[in-house]
2 protein chains.
Amino acid sequence: MTIARERPTLEAVARRAGVSRATVSRVVNGSTTVAGPIQEAVRQAVRELGYVPNLAARSLVTQRTDSIALILPESATRVFSDDQFFPGIVRGVSQELEAADKQLVLIMAGSAASYDRVERYTTGRHVDGVMFASMHGVDPLPGTLARIGIPVVCSGRPMGRSTPPVPYVDVDSVGGAANAVRHLLDAGRQRIATIAGPQDMVAGVDRLAGYRSELKGSRRRSIVANGDFTRESGAVAMRQLLDDDPALDAVFVASDLMAHGALRTLREAGRRVPDDVAVVGFDDVEIARYTDPPLTTVRQPIIEIGREMVRQLLRIAQGEEVEEALILPTELVIRQSA
Amino acid sequence: MTIARERPTLEAVARRAGVSRATVSRVVNGSTTVAGPIQEAVRQAVRELGYVPNLAARSLVTQRTDSIALILPESATRVFSDDQFFPGIVRGVSQELEAADKQLVLIMAGSAASYDRVERYTTGRHVDGVMFASMHGVDPLPGTLARIGIPVVCSGRPMGRSTPPVPYVDVDSVGGAANAVRHLLDAGRQRIATIAGPQDMVAGVDRLAGYRSELKGSRRRSIVANGDFTRESGAVAMRQLLDDDPALDAVFVASDLMAHGALRTLREAGRRVPDDVAVVGFDDVEIARYTDPPLTTVRQPIIEIGREMVRQLLRIAQGEEVEEALILPTELVIRQSA
DNA sequence: GTGAAAGCGCTAACAT
DNA sequence: ATGTTAGCGCTTTCAC
């Protein structure tokens, strides 16, 4: 490694260029009120010394860091699994932050210890704003940040109340699930089961709520098994459902990944899809087009969620008031499984 | 959003607790030299005021941020593709950083503009150290960081020279590739082709070099097609190879993902694997066990690369000298495809 | 247009 | 054991 020589400061550049610190600061920050020759002299001194501004010092006075955190309260393993939710959010967020010339710092925190670190990191103002995605249970951190005046936006309605309420971007999960079930009812299905998502996540809760509410009108009873949004849990839950009600003829699955697992179980059990059992998923991830048969599913605009989170965050950072909730629509995509 | 009230400072806490700033600082930072009752008074003032330390101010004086960046010069889409390299690195890095209680900030930079931001972010000392993975071509940033005294470690030998040289962690790609080819030679294969990785990445270059060097001893000629480590590029390159030499009886593929694509092409072309054409991959990602037939491949310890990067980085940060290169071994895993 | 000076919020000698 | 003091490196009035 290099000998870490003393880092040149503004002061050093100023001395070398024969000007004041203030002038160097102006040049470095692109102020136009500096005379041409002086600008050039300063730039040369910067080059010769290899000067790089100290961002800690800068943000101590400006109160800005020009970077934004996206917190994923999940382990790296989960984030990089084949769940297409994370890539979608990250892509949407990246695109929009790119346009605003802000640095995205992505932070995963699957363990309690790492979550403490995240709290320190974010409350300490290392970033100008914080976005949360994939939250579990009641999480006090977003509320804490909002309270100390750090802009926050969540993806998905936060569970529990906080003062002030934390703004969020979500899709109409309840409506989407209800549509899916309606579709199955319209097709004349009699025994419609569901594989629900994890009930510590709002997406899991809402999709189940949509299922129940739509079923309530009809005289049908609900048949529920639980999964955790992974493919494997979908396979297991489907097995459970078949045991509970061998005569079921439809299943609404709260995620495509779980639906994929459920398809496998159905095939193994000798059920034809959709002839014997109709299947509807949720998310419209890429795999939904390649399953056998292709999956009827509820499309949600994941990338848009990411983009809208950023837009809301930037509005908040500029002191604008924003609505607490921004809800994006879902759309039923009918393919061959139902 | 909340009214962003004035943020309480150390000063405010000190006044409220009736002590000096220094004492508050001691309590906040867990110094033991503060009397019990005073500690309690300070903690209470902290609680009442909702005090949170300003990290910019702190790091301005301590010269530390307790966070480390991992830079992936790739788009989010690529990082979250099914290439298992990224998750492996991230997991290794996370594990090891967890143990050191440092915050990992993950930064993707697929475009030129975003790479400029990354340069500002890292040179500006927002982080105590920087790791690079998946570098393309000759990248000046690691050298720049090293020169201004910021600890840097790369995954994979950096292309081009820099002063001072940037330490790196790599696997023995050349040796691994050579072993793969030797295995094919030992099996009596006569016309051994290769699908090389992208030649702007050192992993691509080295694996090709290993292939060539091992082939040189035998009188066989080399047959090369290029891919970019994606599955699709492997399928295309395999098509190319079959056109170039319909009689080839073996192919060393520089990544399992490309090998997966190549298997598809071979099947479509009516070639049996390994009877007609033997295939060896590289990486030993999970999919290699599920291809048809399961893939003989070169295993590299990706997670270990991540862990070792962190270890090296922490050593450097503590002022220790480290070797420029840390090379981890590869291992040939023989399955049914060769 | 440029410089002087005041501070951003914190830590770390040094004094007591 | 606690307080006083001097910066860390920068931006930003305010004078000139």
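Within every chain, numbering begins at 1; the chains are lettered A, B, ... in the order of the sequence lines, protein sequences first and strands thereafter. Source: prediction; values computed, not measured.
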State whether the distance check finds a donor on one side and an acceptor on the other, under 3.5 Å, for side chain [X] versus base [N].
X       : N       : result
R21(B)  : dT11(C) : yes
R26(B)  : dG3(D)  : yes
R125(B) : dG9(D)  : no

Working for side-chain contact (heavy atoms from CB on, under 4.5 Å), residues E308(B) and E96(B): CA-CA 8 Å; E308(B) 286 298 349; E96(B) 202 66 26; over 6 Å; no
Which whole-number value in Å describes the distance from [X] [atom1] to [N] [atom2]?
X      : N      : atom1 : atom2 : value
R15(B) : dG3(D) : CZ    : C1'   : 16 Å
Q63(B) : dG7(D) : CD    : P     : 15 Å
L60(B) : dC8(D) : CG    : C1'   : 4 Å
Y51(A) : dG9(D) : OH    : C1'   : 7 Å
E11(A) : dA5(C) : CD    : C1'   : 13 Å
R64(A) : dC8(C) : CZ    : C1'   : 14 Å
L10(B) : dG7(C) : CG    : P     : 18 Å
R58(B) : dC8(C) : CZ    : C1'   : 16 Å

Comparing V52(A) and V34(B) on DNA chain D - which has the more 5′ nearest nucleotide: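 Here V34(B) is the residue nearer the 5' end.
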Among [options], the nucleotide that comes nearest once only the side chain of [X] is considered:
X      : options                  : result
A57(A) : dA13(C), dA1(D), dC10(D) : dC10(D)
A35(A) : dT2(C), dC8(C), dG3(D)   : dT2(C)
T23(B) : dG3(C), dC10(D), dG3(D)  : dG3(D)

Polar side chain donor-acceptor pair, Q312(A) to R315(A), under 3.5 angstrom: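 There is such a pair between these side chains.
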Inter-residue atom distance L72(A).CG - F86(A).CZ, 0.5 Å rounding: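 Between L72(A) CG and F86(A) CZ, I get 6.0 Å after rounding to 0.5 Å.
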Reported CZ-to-OG1 distance for the pair R58(B) and T65(B), which is rounded to 0.5 angstrom: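 It is 11.5 Å, given to the nearest 0.5 Å.
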S20(A) side-chain N/O to dA4(C) phosphate OP1/OP2 under 4.0 Å: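 Negative; the distance criterion is not met.
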S25(A) vs dT11(D): side-chain N/O to OP1/OP2 distance below 4.0 Å: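 Answer yes for this pair, as a side-chain N or O of S25(A) is under 4.0 Å from OP1 or OP2.
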Touch class at under 4.0 angstrom, heavy-atom based, for A22(B) against every strand present: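 Here A22(B) touches the bases of the nucleic acid.
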Sugar-phosphate, base or nothing in reach of L55(B), heavy atoms under 4.0 Å: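 L55(B): no heavy atom of the nucleic acid under 4.0 Å.
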Atom CZ of R161(B) with >12 non-hydrogen neighbours under 6.0 angstrom: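 Counting neighbours around CZ of R161(B), 12 or fewer heavy atoms of other residues, nucleotides or ligands fall under 6.0 Å, so no.
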